[in-house]
Amino acid sequence: MKKNQSNKWLAAMKIFTFFWMIFVIIGSLYLTPEAAGFKSTSRVIFYHVPMSWVASLAFLLAAISGILYLRTKKLVYDIWAISSVEIGFLFSILATITGSLWAKVEWGAFWNWDPRETSIVVLLMIYAAYFALRSALESREQKAQISAVYSILAFITVPFLIFVVPRILFTLHPQNPVFTTQTGSIMSPKIKLIFFSSIFGFTLFYYWLLRLRVDLEKIKNNLLAKKRQDNF
Amino acid sequence: MIRKSGLLYKSFYILQKDLHQEFRTRYAINAIFLFAITTLVVVSFSIGAAELSQNILSSLLWIIIFFSAMTGLSHVFVREEEQQTADTLKLVAPPVAIYLGKLLFNILLLLGLELILIPLYVVFMDMSVGNLPVFILMIVLGSTGVSAVATIMAAIISRTSAKGALFAVLSFPVMLPVLILSIQGTALAIQGSSISAGMDEIQMLLLFIIVIVTASILLFEFVWIL
């Protein structure tokens, strides 16, 4: 009964997100002016920044789920963790691609080891290692527990990377474009509206994907458990 | 005084046990020393007589140290699984003591390697160190950081089915801050800068070591007991 109710909410949210994203796409292409200092390429922020935001959110949620798993040993937290990491990984790749396309136009090359590019490569390496680690562990409990430990260890090195990487390389990446006031804010109110709508839309989209992925993982686990029962 | 039932005593006991066991077979020592020296010869040979800047000298040194660590430092935990002594060890000592003992063993192993490797590196690469005390400090701090990350990752990979292949893959991203800081700090020391110039690196390295060792102590039991 309760499950039905939440499924209805999810279905309603899906339709709402669909129309919201249509509004964001139209808004980003037709309703907003170009940001000062950049040409039409500035429109990438309506996609690139929300993607990075979703990736950070997903990895944060995965680390929190890892801690919760170690505290409670409830398998559901591991399901949240792996689902969230998978979606975060997808969005990191999307953010890398959109960023790299933008870099080709603005900086003249797809890739030049800017600090932001370096840190996202390290991030992708960490979570690729996470998948490799999970596939090399045998039992379900081992997968859950040891990968939780790794994701926590990886997560605590992130602040060090943020401090260390910009020291060796000089960045050209636009800093904090939302709140910049030096050049009289490069973001007009209209841009801000669409930008935050896009972040909101992408967050809903992430939540919807996450719920689907979590349900899928639960079904998979139930089937595996059932199969094991039948074999005995 | 160290109490006989205390954690430190037990950690030293584990360290002593690992040293005994290591000198019986010399598996990790042989692997790490021969690997380091082979790599050094390859690097030195392929570079020839070219003049290298301080940054490249220090990068090459840390690349050799990193890959040597990746060949030898996983052995402390993998050995326990392969010889099926892990379960007995779980009975005789608390997890924290085991972690600390094995961490000390790895630090000693890596520092012992560097005692041989670095003089050879200086000779082969025709390097002159500007500020020797700072250089030694950077090497010791950097190696401690590398060992700290390698020890907990060794514990993780000893539980998996693909032991060798995963070690470097898992360790590298977590170890990257240590490597970057050590490379920078060592380059400064080779140039002959004073200790105050390298203070940032020293502080960050110390901070990283404290954070990763603390996290490992808290998390080790989840890896070890399952």
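Note that the coordinates shown come from a computational prediction; the quantities given were computed from them, not determined experimentally. In what follows, every chain begins at residue 1, and chains take the letters A, B, ... in the order their sequences are listed.
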Which residues pass the salt bridge (Lys or Arg N to Asp or Glu O under 4.0 Å) test with Glu86(A), sequence neighbours left out?
Arg213(A)
Below 4.5 Å from any heavy atom of chain B, which atoms of Lys73(A) appear? Answer side chain, backbone, both or neither.
side chain
Should Glu141(A) and Lys74(A) count as an ion pair when the cut-off is N to O under 4.0 Å?
no
Proximity breakdown for Glu138(A) and chain B, heavy-atom pairs closer than 4.5 Å
side chain
Ile225(B), part contacting chain A, at a heavy-atom distance under 4.5 Å:
backbone
So which part of Leu219(B) gets closer than 4.5 Å to some heavy atom of chain A, the side chain, the backbone, both or neither?
both
Report the residues that fulfil side chain to side chain donor-acceptor pair (under 3.5 Å) with Thr98(A), sequence neighbours left out, ordered by chain and then residue number.
His48(A)
Ionic contact status for Lys90(B) with Glu80(B), cut-off 4.0 Å
no
When the 4.5 angstrom heavy-atom criterion is applied to Met175(B) and chain A, the contacting part is neither
Ile152(B) portion near chain A, given a 4.5 angstrom heavy-atom threshold
side chain
Contacting moiety of Phe172(B), where chain A heavy atoms sit under 4.5 Å
side chain
Quick one: of Val169(B), Val149(B), Thr160(B), who has the most non-hydrogen atom pairs under 4.5 Å with chain A?
Thr160(B)
Most heavy-atom pairs under 4.5 angstrom with chain A, which of Leu218(B), Ile156(B), Val223(B)?
Ile156(B)
Check ion pair Asp230(A)-Lys227(A) (N to O, under 4.0 angstrom)
no
Name the member of Val149(A), Val121(A), Ile156(A), Leu123(A) that forms the most heavy-atom pairs with chain B at distances under 4.5 Å.
Val149(A)
Ignoring hydrogens and geometry, is there a side-chain-to-backbone donor-acceptor pair from Tyr77(A) to Ile64(A) under 3.5 Å?
no
With a 4.0 Å cut-off, would you call Asp78(A) and Lys143(A) a salt bridge?
no
